[in-house]
Amino acid sequence: MNLTRRGFFKVVTAAGAAAAIRTPSGHAASATDLQNTIGCLVDTTLCVGCRKCEQACNERNQLPKPRESFDEMTVLENERRMDETTYTVVNKYYPKHIGALTWRTRPSFVKFQCMHCNDPSCVSACIVGALTRQENGAVVYDAAKCIGCRYCMIACPFQVPAYEYHNALTPQVRKCTFCFEDIEKGGPPACARVCPREAVTFGRKADLLRLANWKMKSNPGRYVNHIYGEHEVGGTSWMYLASEPFKTIGFPELGTKAPPRLTEAIQHGMFQYFAAPVALYAVLGGIMWGTGYLKRALRKSETRNDTDSKGAEE
Ligand code: SF4
Ligand code: SF4
Ligand code: SF4
């Protein structure tokens, strides 16, 4: 194919701009939605672990500064997770086995953040609609609606949402926003914009899949034959290419079925059993109120009878 990666990047970025339409859907992506879904393709074979994306994310979202500066590379020696002050982390994974090819002797660097699932478990688990999936693929959070139940944290198959436990007055759930305001205007998000290696490509999901397949075809032996996020949990807006099996570089092995179908079944079960006690309490309350009314009416009638009989005796 006569198309450079940079050329492809420009094409998909323009396509992403055209596709960045904000229409709240709040639920699962339909086949039509997927035509409009935008996302990012992370090529982990290009990432050098410079942490510029972490820094850009921190600044774009005005998050607290970390204890160690973003120039500190020793933090890569420990596997880290996102938390309430960190929406993205880059981890370093040493090869499990050294292959004949030299590029396989280098460690893999992997950027993690919310995957912005097509059918997000967090959205499905949230009973007040504080998390919604927008038609462009971003899964966004509305702190004003959140009641702090943290069902989203339990439901997420990637264990992404974090909670501000230290914030006693106004705690919020925190996770990558997909730089929603930026992608709404055509993007790309801050982390993709800053990457000096162009390891993160932003664009329409259909174009990103074409790019991923083109890269695998054009570079035999460079990638494992798997686009992580194409099918996992029903598909995600963020997708990955890698030189190592994904389970060896920090990715959970997940099925293709979207967990919301499971969480909804659990919720419906819960509410089904919740409904019975509510109905029972309503009936009991009605009986108690009715009994009280009856007793009061009887007392009034007895008092009236007493008064009438006293009047008759006089
Ligand atoms: S900015 Fe790019 S190269 Fe640097 S760590 Fe992030 S993804 Fe990797
Ligand atoms: S990765 Fe987790 S938090 Fe992000 S959209 Fe999917 S279920 Fe929600
Ligand atoms: S998309 Fe925005 S919020 Fe999400 S990791 Fe990138 S910079 Fe951070």
Side-chain angles (χ1 to χ4, degrees), residues 16 26-29 37-63 70-71 73 75-76 80 82 85-92 107-126 130-134 136-141 150-163 173-184 187-202 228-229 232-241 251-252 254 258-260 262-263:
H27 215 274
T37 297
I38 50 178
C40 283
L41 177 68
V42 183
D43 185 340
T44 61
T45 69
L46 295 176
C47 179
V48 290
C50 67
R51 301 186 68 208
K52 295 277 183 252
C53 50
E54 290 186 23
Q55 183 171 3
C57 178
N58 175 280
E59 288 165 4
R60 176 66 187 86
N61 294 289
Q62 298 174 330
L63 297 170
F70 288 105
D71 296 330
M73 293 300 140
V75 299
L76 295 170
R80 295 172 297 150
M82 289 76 74
T85 62
T86 315
Y87 294 171
T88 185
V89 293
V90 180
N91 282 334
K92 183 180 189 179
S108 293
F109 296 95
V110 185
K111 173 193 185 306
F112 293 102
Q113 70 298 301
C114 170
M115 301 287 281
H116 296 275
C117 307
N118 294 342
D119 199 352
S121 305
C122 56
V123 170
S124 180
C126 182
L131 283 153
T132 50
R133 181 185 183 275
Q134 308 297 307
N136 65 13
V139 176
V140 298
Y141 170 70
R150 284 159 279 153
Y151 283 174
C152 53
M153 294 172 68
I154 301 165
C156 174
F158 301 98
Q159 301 177 345
V160 167
Y163 193 66
V173 169
R174 295 287 200 154
K175 72 167 197 71
C176 157
T177 62
F178 207 162
C179 291
F180 187 68
E181 288 168 12
D182 297 350
I183 65 167
E184 201 180 23
C191 53
R193 198 164 47 233
V194 79
C195 178
R197 297 277 299 160
E198 295 186 2
V200 185
T201 306
F202 168 74
Y228 193 95
E232 275 78 10
V233 294
T236 58
S237 290
W238 280 69
M239 298 176 293
Y240 289 79
L241 286 177
F251 289 87
L254 298 166
L262 303 174
T263 47

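No experiment lies behind these values; they were computed from the predicted model shown. Both ligands and their constituent atoms are indexed starting at 1 by order of listing.
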| request: Could you grab the protein N, O or S atoms closer than 2.8 Å to atom 2 (Fe) of ligand 1 for me? | output: Cys195 SG

| field | Shortest protein heavy-atom distance from atom 3 (S) of ligand 3, along with the residue and atom involved | value | Asn61 ND2, 3.3 Å

Got [X] and [Y] here, is their nearest side-chain heavy-atom distance under 4.5 Å?
X      : Y      : answer
Leu131 : Pro120 : no
Pro252 : Pro157 : no
Pro189 : Ile183 : yes
Val140 : Gln134 : yes

Interfacing atoms of ligand 3 (cut-off 4.0 Å, heavy-atom, [X]):
X      : result
Thr177 : 3 (S)
Thr88  : 5 (S)
Cys57  : 3 (S), 5 (S), 7 (S), 8 (Fe)
Cys176 : 1 (S), 3 (S), 4 (Fe), 5 (S)

| query | Parallel, tilted or perpendicular: which fits the ring planes of Tyr240 and Tyr228, with parallel below 30° and perpendicular above 60°? | reply | perpendicular

Over all atoms of both residues, closest heavy-atom pair of [X] and [Y]:
X      : Y      : answer
Trp238 : Cys114 : CD1-O, 3.9 Å
Arg60  : Ala190 : CB-CB, 3.7 Å
Arg80  : Leu76  : NH2-CD2, 4.0 Å
Asp119 : Ala258 : OD2-CB, 3.5 Å
Phe178 : Ser237 : CE1-CB, 4.2 Å
Cys195 : Val200 : SG-N, 4.3 Å

| Under 3.5 Å, is there a donor-acceptor pair linking the side chains of Arg133 and Thr37? | yes

| note | Gly49 heavy atoms within 4.0 Å reach ligand 1 at atoms 5 (S), 8 (Fe)

| Per the side-chain hydrogen bond (donor to acceptor under 3.5 Å, both in side chains) rule, which among Glu54, Gln113, Arg174 passes with Tyr87? | Arg174

| Heavy-atom proximity to atom 7 (S) of ligand 3, best of Gly187, Pro189, Cys179 | Cys179

| query | Between the candidates Phe180, Phe202, Phe178, Tyr87, which shows the shortest non-hydrogen contact distance to atom 1 (S) of ligand 3? | reply | Phe178

| request: With atom 8 (Fe) of ligand 2 as the centre, enumerate protein N/O/S atoms below 2.8 Å in chain and residue order. | output: Cys122 SG

| query | At a non-hydrogen distance cut-off of under 4.0 Å, which region of Arg51 contacts ligand 1 (side chain, backbone, both, or neither)? | reply | backbone

| said: Test of understanding: given a 4.0 Å heavy-atom threshold, classify the contact between Asp182 and ligand 3 as side chain, backbone, both, or neither. | reply: neither

| Neighbour count >12 (heavy atoms, 6.0 Å) for atom CD, Glu181 | no

